[in-house]
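Contents: one structure, followed by commentary.
Please read all numbers here as calculations on a predicted model, not as lab measurements. Both backbone and side-chain heavy atoms feed into the values below; hydrogens, waters and symmetry mates do not. In what follows, chains carry the letters A, B, and so on, assigned in the order in which the sequence lines appear, proteins first and then strands, with residues in each chain numbered from 1.
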Number of protein chains: 2
Amino acid sequence: MGKGTKERILFSALKLFSEKGYLGATTREIAKEAGISEVTLFRHFVTKENLFISLLNKHSFLPILKELIKDYQSKPLKESLVAIATAFIKQLRENKALVKIMHAEFNRYPEPIKKVYKNLIEDTISELARYFQNFQKRGEIISIDPYILAQAFLGLFYSYFQCEEIGESERNVKFSEDFIISTYVEIFLKGLLIP
Amino acid sequence: MGKGTKERILFSALKLFSEKGYLGATTREIAKEAGISEVTLFRHFVTKENLFISLLNKHSFLPILKELIKDYQSKPLKESLVAIATAFIKQLRENKALVKIMHAEFNRYPEPIKKVYKNLIEDTISELARYFQNFQKRGEIISIDPYILAQAFLGLFYSYFQCEEIGESERNVKFSEDFIISTYVEIFLKGLLIP
DNA sequence: TTAAAGTGAAAGTAAGCACTTACATACAAA
DNA sequence: TTTGTATGTAAGTGCTTACTTTCACTTTAA
């Protein structure tokens with residue numbers, strides 16, 4: 001099958017799911033938006049559910065995180081965490097509409113989709129947890145449960161992203177985002193270092 | 001028609017719309033939850049749209065605001081604004097789930113519902129604007145466009161409500177809500193007084 | 001007691017949706 | 001040329017949902 005077609009469907013699906021939600025967007029619309037027939041959509045993705053799950057995987061933070069951890073393996077912890085946080089916020093912002101709508105409709109999703117999404121989050125946290133664990137083994141940071149540590153770290157920046165949504169009209173530009181991220185990471189790290 | 005029935009339908013509708021959204025909740029479910037037949041629901045409200053609009057009107061802040069303005073007419077401005085803000089936040093909190101879900105699905109609503117909701121908001125702002133206008137006529141506060149003034153006031157406390165949603169895990173109880181409201185109102189008023 | 005109003009059960013209508021089937025077309029590799 | 005692959009069109013299936021119709025029952029009020 002033509003690769004371009006699949007990409008175009010995914011692109012249109014992202015747009016319509018973001019606008020109208022998983023439940024609100026119809027496969028007909030998505031096909032029309034992509035400029036292909038509805039049948040072609042099903043030939044590529046079999047079910048609507050499948051299409052949505054493909055989207056989730058495509059825009060997941062997990063592969064980005066894995067890349068970053070690999071690249072920053074030999075760099076100091078602070079530098080790595082800044083890079084991770086920056087990428088995390090960037091990824092959230094790029095999928096802002098989808099993230100927003102997913103949280104609103106989550107409890108109405110069919111079970112398989114819920115499961116995929118939950119696993120995606122858990123896997124991401126676990127990946128970061130494993131990263132923290134290395135530093136714990138080397139005795140560089142204290143030995144709290146690494147999963148909780150990772151959850152706290154991602155939660156910290158997720159809430160930062162959420163707050164940004166609200167201050168729409170005020171546009172708080174007193175500090176640069178880089179500065180805020182760096183400060184957050186410093187505070188977080190200060191709590192972890194061995195006394 | 002029995003009054004109790006209508007109230008029970010509205011109550012169940014509020015519950016299910018809050019949980020599943022306007023699009024996600026079905027009339028069958030609502031009827032079942034209310035312990036009446038689906039037919040009775042339609043006899044009372046004619047359409048699902050109508051039922052939802054009835055809910056919006058029932059839980060609107062507008063009548064509360066009108067009452068408050070009447071009651072506090074002879075009281076000082078600060079006291080009135082504190083009462084208004086307190087009631088506004090209370091009303092938002094009581095309908096938290098509905099407010100949340102409405103903003104998520106708003107752009108998927110049928111036009112009549114959108115219109116009713118927009119008008120509700122506009123009317124509420126206008127009502128408060130008229131109240132501000134009285135004080136402007138008496139020369140007690142500066143003469144900015146009163147609609148913008150009212151919008152800013154309500155927006156201030158709406159954003160406070162939103163922030164509270166996010167800080168779920170942290171439960172910021174450093175200051176009492178009364179204190180925060182009072183401080184917000186003071187700041188707002190300080191900006192309005194004639195120098 | 002009688003008439004009117006409120007209600008329920010069951011069945012049905014019409015529309016929208018995810019998804020399918022059958023057949024035709026265009027094109028590129030063998 | 002033949003064959004396989006990617007697509008389109010048109011029609012249709014089966015399910016869900018908002019909404020309707022009919023009829024029989026109960027409660028309320030005159």
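Here B:Lys70 pairs with B:Glu67 in a salt bridge; the nearest charged N to carboxylate O distance falls below 4.0 Å.
Distance, B:Tyr109 OH to D:dA18 P: 14 Å, rounded to whole Å. One interatomic measurement links the two molecules: CG of A:Leu41 to C1' of C:dT21, which rounds to 17 Å at whole-angstrom precision. Whole-Å rounding puts the A:His44 NE2 to C:dA18 P distance at 18 Å. Put simply, CZ on B:Phe42 is 16 Å from P on C:dA9, counting in whole angstrom units. Straight-line distance from the CG atom of A:Leu23 to the P atom of C:dA18: 10 Å, rounded to whole Å. As a whole-Å value, the separation of B:Phe45 CZ from C:dT7 P is 11 Å. One atom, CD1 of B:Ile113, and another, P of D:dA18, lie 12 Å apart when rounded to the nearest Å. The distance between atom CD of A:Glu7 and atom P of D:dT7, rounded to the nearest whole Å, is 12 Å.
Of the residues in residues 28-38 of chain A, A:Arg28, A:Glu38 come within less than 4.0 Å of DNA chain C through at least one heavy atom, sorted by number.
Listed pair B:Thr40 / C:dG8 meets the phosphate criterion, a side-chain N or O lying under 4.0 Å from OP1 or OP2.
Annotation: B:Phe153 is in aromatic contact with B:Phe157 [ring centroid separation under 6.0 Å]. Checked against the 6.0 Å centroid threshold, B:Tyr22 and B:Phe52 count as a close aromatic pair.
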Please tabulate the protein-to-nucleotide N/O contacts below 3.5 Å involving nucleotides 24-27 of chain D, giving atom names and distances.
none

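For A:Thr47, the listed nucleotide lying nearest its side chain is C:dC19; candidates were D:dA18, D:dT9, C:dC19.
B:Lys58 NZ: more than 12 foreign heavy atoms inside a 6.0 Å radius.
Place A:Thr26 and A:Val39 on DNA chain C by their nearest nucleotides, and A:Thr26 ends up nearer the 5' end.
Relative to the ring axis of B:Phe135, B:Arg138 places its NZ or CZ within 45° and under 6.0 Å from the centre. Under the 6.0 Å distance and 45° angle rule, A:Lys6 counts as a cation-pi partner of A:Phe45.
Under the 4.5 Å side-chain heavy-atom criterion for ILVMFWY residues, a single connected hydrophobic cluster contains both B:Ile89 and B:Phe179.
No donor-acceptor contact under 3.5 angstrom links the side chains of B:Gln136 and B:Ser143, judged on distance only.
A tilted orientation is assigned to the rings of A:Phe161 and A:Tyr158, their planes being inclined by 30° to 60°.
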